[in-house]
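Take a look at the following structure, please.
Just so we're clear, the structure is a prediction, and the values are computed from it rather than from any experiment. Keep in mind that the numbers below use all heavy atoms, side chains included, and drop hydrogens, waters and symmetry copies. Chain letters run A, B, ... following the sequence lines, proteins first, then strands; residues in each count from 1.
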Amino acid sequence: MLDRKFVLENAELVKANCAHRGTPAEIDKFVELELLRKTKLSQAEEFNRQANATSAKIGAAAPAEREAIKEQGRKLREQKEAVQSEHDALDKEIAAILTRVPNMTHPAAPIGRDDQANLEIARGKTAIPTFDFQPKDHLQLGKIHDMIDFEAGARVAGAGFYFLKNDAVLLELALQQFAVHLLIKHGFVPVSTPDVANTETLHGIGFIPRGPETQIYSIENTDLNLVATAEITLGGMYAGQVLEAESLPLKLVGISHCFRTEAGAAGRASKGLYRVHQFTKIEMFAFTLPNQSDAVHEELRQLECDLFDALEIPYRVVDTATGDLGGPAYRKYDLEAWMPGRATAGEWGEVTSTSNCTDYQARRLNIRSRTKNEKGTQLVHTLNGTAIAISRAIIAVMENHQLADGTIRVPAALRLWMGKEFIGK
RNA sequence: GGAGAGGUGGCUGAGUGGUCGAAAGCACCGGAUUGCUAAUUCGGCGUAGGAAGAAAUUCUUACCGCAGGUUCAAAUCCUGUCCUCUCCGCCA
């Protein structure tokens with residue numbers, strides 16, 4: 001959520017930003033309503049002030065005068081209530097508009113209406129593999145080594161769910177160990193989070209559950225939702241808290257399962273593990289001071305690169321265009337890994353995403369920082385980044401490191417945790 | 001799941017209808033003083049919103065877990081709810 005005062009004072013900037021992002025937003029209406037709300041607020045406060053002053057007189061007043069003063073107080077309260085309810089209605093309407101207004105955008109982010117405008121800014125250290133045989137996709141490889149069972153997943157939970165088996169399980173655990181250990185070395189606090197969160201927390205992060213287009217599973221008869229990412233729980237972890245400035249940046253690495261309905265995703269090119277309803281994810285999250293967030297964003301991007309370089313997976317880094325940014329993101333980088341089994345001759349597939357959300361999430365979650373010996377507090381900045389989304393990382397590992405006979409070479413970084421050099425040998 | 005107790009400012013903790021944004025202590029900050037690694041003493045010390053001002057600042061509203069209710073007036077009374085603790089039950 002943007003700051004009301006900011007929107008009011010920068011209406012044209014905000015409008016232009018909404019246009020770049022392709023998000024229709026009623027900024028003019030917001031300005032009109034917000035100005036009206038402020039006058040209502042002043043009126044209500046003035047009535048309230050008078051009523052408070054009147055009430056204060058009663059205790060000291062002579063008994064004979066009390067009834068008259070009480071009556072006066074009653075009238076003032078009624079007037080206050082009338083104005084207040086007008087104010088509250090406006091406030092609600094304004095909040096609804098503001099919820100749909102996306103974050104401002106980093107000046108360097110490429111401007112464009114969709115992912116066609118995304119800008120490739122770097123490549124990983126590993127070259128795209130050339131095979132002297134017809135490479136298999138991860139489904140074929142998984143079948144050979146009995147690693148993934150979609151049929152059983154469908155029997156138990158429906159399409160889009162799956163069982164990992166045998167070496168896929170070791171691979172999942174190895175990827176987790178590898179990522180978490182590397183991030184601990186970089187000062188991240190490891191956190192295993194709840195897999196559910198209440199609706200308020202989801203709103204704070206910028207998710208809108210329980211709507212027709214929602215990506216979120218909700219639990220019936222409760223206020224709980226299955227999380228789509230540990231970003232939700234890690235951000236919510238410090239909701240309403242005031243962090244000491246000297247403890248920032250605070251970096252967390254969370255482990256959670258992620259659940260997504262993928263409503264509206266039907267028909268989009270995807271097979272196997274690429275787009276599923278549940279997967280495990282290692283997620284980075286950071287709380288920073290405002291002047292730290294750009295640097296930490298670069299750090300998160302670099303760590304994602306380090307992880308995939310170590311996994312010897314070819315990738316490209318993409319600077320996401322304005323029209324393809326999610327609402328809370330100020331800037332977003334994606335890593336797209338080469339997946340030899342996608343399309344006819346391989347294709348890039350998104351494996352990580354890191355966003356600087358500036359104070360957009362912090363404002364609604366009310367996460368602030370306090371600097372020693374300074375008056376007041378300020379909103380922190382929040383950032384998130386995928387370390388490893390297990391299902392997609394497994395695709396990349398299996399398909400890039402396959403050999404002609406169908407065995408899969410385990411990248412050196414994972415061997416300690418996998419306990420073997422090859423899958424299928 | 002059952003029974004009980006409790007949620008007050010950074011912390012401890014007082015406060016059962018008006019003079020309470022809230023005593024006191026601790027911590028912290030500033031000054032004074034004493035020549036000794038600290039004591040004494042004085043003062044300050046919450047957050048957010050709004051208005052005025054170039055600014056320091058001033059005025060004002062809200063906030064005593066949260067949401068409602070009663071009342072001219074609520075930290076205080078009522079209802080609901082969440083959380084914490086203790087005991088019991090169940091349990092990986």
Between B:G21 and B:C64, how far apart are the two C1' atoms, rounded to whole Å?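 Pairwise C1' distance, B:G21 against B:C64, rounds to 9 Å.
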
What's the gap between B:U8 and B:U47 when it is taken at their C1' atoms, as a whole Å value?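 So the two C1' atoms sit 15 Å from each other.
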
For B:U37, the Watson-Crick or wobble counterpart (both distances under 3.5 Å):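 Across any shown strand, B:U37 pairs with none.
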
Take atom CD of A:Glu246 and atom C1' of B:C28, then tell me their distance rounded to the nearest Å.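 Going from A:Glu246 (CD) to B:C28 (C1'), I get 13 Å.
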
By nearest heavy atom, map A:Arg370 and A:Thr377 onto RNA chain B; which one lands nearer the 5' end?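 Taking each residue's closest nucleotide, the earlier one in sequence belongs to A:Arg370.
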
Under a 3.5 Å cut-off for both distances, is B:G17 Watson-Crick or wobble paired, and to whom?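 Because no pair has both required distances under 3.5 Å, B:G17 counts as unpaired.
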
Just to verify, what does A:Glu336 make a salt bridge (charged side-chain N to carboxylate O under 4.0 Å, His left out) with, not counting sequence neighbours?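 Counting only residues at least two positions away or on another chain, A:Glu336 forms a salt bridge (charged side-chain N to carboxylate O under 4.0 Å, His left out) with A:Arg316.
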
Expressed as a whole number of Å, how far does the P atom of B:A3 sit from that of B:A22?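 The answer is 40 Å between these two P atoms.
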
Considering only atom C1', compute the distance from B:C20 to B:A75 and round it to an integer number of Å.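 It comes out at 8 Å once rounded to the nearest Å.
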
B:C45 versus B:G9 - spacing of their C1' atoms, nearest Å: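 Taking atom C1' in both B:C45 and B:G9, they lie 11 Å apart.
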
Under a 3.5 Å cut-off for both contacts, is B:A22 paired Watson-Crick or G-U wobble with anything, and if yes, with which nucleotide?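 Its partner is none (no Watson-Crick or G-U wobble pair with both distances under 3.5 Å).
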
Given that both distances must come in under 3.5 Å, which nucleotide forms a Watson-Crick or G-U wobble pair with B:C90?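 For B:C90, the partner nucleotide comes out as none, under the 3.5 Å rule.
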
What is the separation between atom CG on A:Leu224 and atom P on B:C82, rounded to the nearest whole Å?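 Computing the A:Leu224:CG to B:C82:P distance gives 11 Å.
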
Nucleotide paired to B:C28 in any strand shown, Watson-Crick or G-U, under 3.5 Å: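 Paired with B:C28, as far as the under-3.5 Å criterion goes, is B:G44.
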
I need a per-nucleotide contact map over nucleotides 49-75 of chain B, read 5' to 3'. Cutoff is protein heavy atoms under 4.0 Å; write B for the base, S for backbone only, - otherwise. BSS--------SSS---------BS--

What pairs of residues pass the side chain to side chain donor-acceptor pair (under 3.5 Å) test when at least one of them lies in residues 243-254 of chain A, not counting sequence neighbours?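 Sorted result for residues 243-254 of chain A: A:Lys251-A:Glu299.
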
Residues forming a ring-ring contact (aromatic ring centres under 6.0 Å, His included) with A:His381, sequence neighbours excluded: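 A:His381: no ring-ring contact (aromatic ring centres under 6.0 Å, His included) contacts found.
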
Answer with yes or no whether the side chains of A:Gln176 and A:Thr280 bring together a donor and an acceptor at under 3.5 Å.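 No pair is found: no donor N or O on one side chain lies under 3.5 Å from an acceptor on the other.
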
Please determine, for B:C66, whether a Watson-Crick or G-U wobble partner exists with both distances under 3.5 Å, and give it or none.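 Pairing partner: B:G80.
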
So how far is it from A:Leu76 CG to A:Gln79 CD, rounded to the nearest 0.5 Å?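 With rounding to 0.5 Å, CG (A:Leu76) is 5.5 Å from CD (A:Gln79).
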
ring-ring contact (aromatic ring centres under 6.0 Å, His included) against A:His277, all qualifying residues, sequence neighbours excluded: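 A:His277 satisfies ring-ring contact (aromatic ring centres under 6.0 Å, His included) with A:Phe161 only.
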
Exercise: identify the closest heavy-atom pair between A:Ser369 and A:Val242: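 Nearest heavy atoms, A:Ser369 then A:Val242: C-CG1, 4.2 Å.
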
Whole-Å P distance, B:C85 and B:U12: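 Per the computed distance, 14 Å lies between those P atoms.
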
Pick the C1' atom in B:G18 and in B:U76, then give their distance to the nearest Å.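 Each nucleotide's C1' atom is 11 Å from the other's.
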
Please give the nucleotide sitting opposite B:C85 as a Watson-Crick or G-U wobble pair, both distances under 3.5 Å, or none.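 Here B:C85 is engaged in a pair, and the nucleotide opposite it is B:G4.
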
Any strand is fair game: report the nucleotide pairing with B:A74 by Watson-Crick or G-U wobble, both distances under 3.5 Å, or none.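 Answer to the pairing question: none, since B:A74 forms no Watson-Crick or G-U pair.
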
Looking only at atom P, what distance separates B:G49 and B:A56, rounded to whole Å?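 Between the two P atoms, the distance is 16 Å.
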
For residues 416-425 of chain A, dump all side-chain donor-acceptor pairs below 3.5 Å to protein atoms at least two apart in sequence or in another chain.
from, atom 1, to, atom 2, distance (Å)
A:Lys420, NZ, A:Asp167, OD1, 2.8
A:Lys420, NZ, A:Asp167, OD2, 3.2

